[in-house]
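Starting from 1, each residue takes its place in the sequence as its number. Indexing begins at 1, ligand by ligand and atom by atom, following the structure's order. Predicted, not measured: the structure shown is a model, and the values here were computed from it.
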Amino acid sequence: MLPTTPYRGTRDFLPPEMSVRQQIFGTMFDAVERYGYTRYDGPILESAEIYEAKSGQEIADQQLYSLTDRGGRRLALRPEMTPSVARMIAGNVNSLQLPVRWYSHVNCHRYERPQRGRLREHWQLNVDIFGSDNVACEIEIFEVIHEVMSSLGATRDMWVLRAGDRAVLDSILRDVAKIPQDLVPRTMSLIDRWEKMPREKLRAEAEEFGMEGPRFDELAEILASGSEVLSRLPEDVREGSPLVQMMDGDAKDLFVFDPLIVRGLQYYTSTVFEVFDLSPENNRSLFGGGRYSDLAGLFTTQRIPGIGFGMGDVTLADFLETHGLLPEPRTQVDAAVIPVTEELFPAAREVAWLLRQSSVRVSTPLELRKLGKELTRADRSGARFAVIVGDEEWQDRRVVLRDLAHQQQELIAIEELPARLITLHHEA
Ligand code: HAM
């Protein structure tokens, strides 16, 4: 026998789990649509090259699911959506009126060791703006994150948006910490792991690539000073940073400046941000994003800057669960129409049809069972109502409407049934 379990690191979504996922993402779609974002989609298979060029080594060398098709083309299952959407924008730039606001909801595959918050397949909400360098993009993207989080029921004490700027960090390293240019990339990668690894280990790694201990300690001190370090940066760096501009304006409360935010993907050029859960039980990054000024440059000579974020369902579900915000699965139907004999099946279908005309979700049995059993089934499926079609009542085109939640029932003419059922439904 073959195993019935899904491939390691992927999940089946049975109807109850699917219902939860659908509700969460439905809420998020509504939130981003309130900001004017429109949905797009694309293929799960892409040319492997689009990740190898700019996503960075971790994704390209270790995490890509790659294959060669029968024509010898090197393909990959998308590990993320940003290179694909940059391709679509570049390919359609002449017919688009930039800037555009786009969102998608896609599954992504990464070959990782499955663990809490990390699987091999996850679903990601992607929200991006293309075609503007203005700080208004940062402000709007941060506002969208706040809108999405609050629409899910999360309050400000549950999470924090931390943002840094790669150009600022580069200047902190070169101009303030006086780190030689050739050590800057490796120092950045060290900072990306700053809070995940013991300080001594980081110090040892720094020494290994040529940074002396005292310089490392000085760097640690500078980084610990948070936004204070900004006053020590050259003016052109400060003026060129959207985040620094935001810190003087009305949008400063949307985020906390954190020079330690670097993020793993190579294509980010300035603003980078991550949302963290503040619960001690789930103290981790939930999702993130950033500004990428030339990813579209893979596909076109026209410069099309982008900024946005990707929010995964695995980390989000952990967050919602930790804070008691996971929605309940939706019930399958509102009402079960139950005929008491096989001869009454057509009558039951007629009653069900009538209810469906009023947008009531209704099921009818596929096989005849005892009334008691059908009522138990209806109750277990979460149906609020049972509509019993009996021989005698049907002769007068009447049925019994039973409110399963309140254990009450009434005899009712079928043309009055839909309105009555809807009234009861709204009462409690
Ligand atoms: P990322 O940080 O690689 O960025 O992934 C974004 C989010 O996707 C993560 O924070 C996490 O919620 C989820 N995620 C990623 N990998 C996994 C995994 N193996 N298992 C479960 N969840 C995962 C990007 O992908 C960028 N393309 C996002 C972006 C959009 N930047 C700009 N626009």
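Not a single N or O atom of Val127, backbone or side chain, sits closer than 3.5 Å to an N or O atom of ligand 1. For ligand 1, the polar-atom distance check against Leu286 finds a nitrogen or oxygen pair separated by under 3.5 Å.
Atom 4 (O) of ligand 1 has as its closest protein heavy atom Arg263 NH2, 2.9 Å. Ranking protein heavy atoms by distance to atom 24 (C) of ligand 1, first place goes to Leu265 CD1, 3.5 Å. Nearest to atom 22 (N) of ligand 1 among the protein's heavy atoms is His122 CG, 3.4 Å. The shortest contact between atom 32 (C) of ligand 1 and any protein heavy atom is with Gly308 O, 3.1 Å. Nearest to atom 25 (O) of ligand 1 among the protein's heavy atoms is Arg110 NH2, 3.0 Å. Atom 21 (C) of ligand 1 has Gly117 O, 3.3 Å as its closest protein atom, hydrogens excluded (heavy atom only). Of the protein's non-hydrogen atoms, the one nearest atom 20 (N) of ligand 1 is Leu119 N, 2.9 Å. Protein heavy atom nearest atom 7 (C) of ligand 1, with residue, atom name and distance: Gly310 O, 3.3 Å.
Heavy-atom proximity to Tyr267, at under 4.0 Å, picks out these atoms of ligand 1: 26 (C), 27 (N). Near Asn126, meaning under 4.0 Å from one of its heavy atoms, ligand 1 places the atoms 30 (C). Shown in contact with Gln124 at under 4.0 Å from a heavy atom are these atoms of ligand 1, numbered in order with element: 5 (O), 6 (C), 7 (C), 8 (O), 25 (O). In the vicinity of Gly288, heavy-atom distances shorter than 4.0 Å reach the ligand 1 atoms 10 (O), 28 (C). The ligand atoms of ligand 1 that sit less than 4.0 angstrom from a heavy atom of Val314 are 21 (C). For ligand 1, the atoms sitting less than 4.0 Å from at least one non-hydrogen atom of Phe287 are 10 (O), numbered in the order shown with element in parentheses.
The aromatic ring centres of Phe216 and Trp194 sit less than 6.0 Å apart.
Distances shorter than 4.0 angstrom do not occur between any heavy atom of Leu316 and any atom of ligand 1. Ligand 1 lies out of reach of Gly306, whose nearest heavy atom is not under 4.0 Å from it. Using a 4.0 angstrom heavy-atom cutoff, Glu121 does not count as in contact with ligand 1.
When the shell of 6.0 Å around CD of Glu221 is examined, it contains 12 or fewer heavy atoms from other residues, nucleotides or ligands. The 12-atom threshold is exceeded at CZ of Arg174, counting heavy atoms of other residues, nucleotides or ligands nearer than 6.0 Å. The number of heavy atoms from other shown groups lying within 6.0 Å of CZ (Arg39) is above 12. Other residues, nucleotides and ligands contribute over 12 non-hydrogen atoms within 6.0 Å of the CD atom of Gln245.
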Exercise for the section: Under the side-chain hydrogen bond (donor to acceptor under 3.5 Å, both in side chains) rule, what do Asp128 and Tyr292 come out as? Steps first, then yes or no, please. Expected result: CA-CA 10 Å; Asp128 291 88; Tyr292 40 98; 2.6 Å; yes
Exercise for the section: Determine, step by step, whether Gln332 and Ser363 satisfy the side-chain hydrogen bond (donor to acceptor under 3.5 Å, both in side chains) criterion, reporting the C-alpha distance in whole Å, the side-chain angles of both residues, the deciding distance to 0.1 Å, and the verdict. Expected result: CA-CA 9 Å; Gln332 251 168 286; Ser363 68; over 6 Å; no
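Rounded to the nearest 0.5 angstrom, Leu98 CG and Gln302 CD are separated by 7.0 Å. Remark: Asn107 CG to Arg11 CZ distance equals 10.0 Å, nearest 0.5 Å. Residue Met149 holds its CE atom at 9.0 Å from CD1 of Ile145, rounded to the nearest 0.5 Å.
Side-chain polar atoms of Arg193 and Ser189 form a donor-acceptor pair below 3.5 angstrom. In this structure, a donor-acceptor pair under 3.5 Å is present between the side chains of Asp277 and Asn282. Side-chain contact, Arg101 with Tyr35: no donor N or O sits under 3.5 Å from an acceptor N or O.
Evaluated by nearest non-hydrogen atom to atom 11 (C) of ligand 1, the leading choice among Ile59, Val272, Thr315, Asp318 is Thr315. Comparing Tyr268, Phe273, Phe309, Phe319 against atom 31 (N) of ligand 1, the shortest heavy-atom distance belongs to Tyr268.
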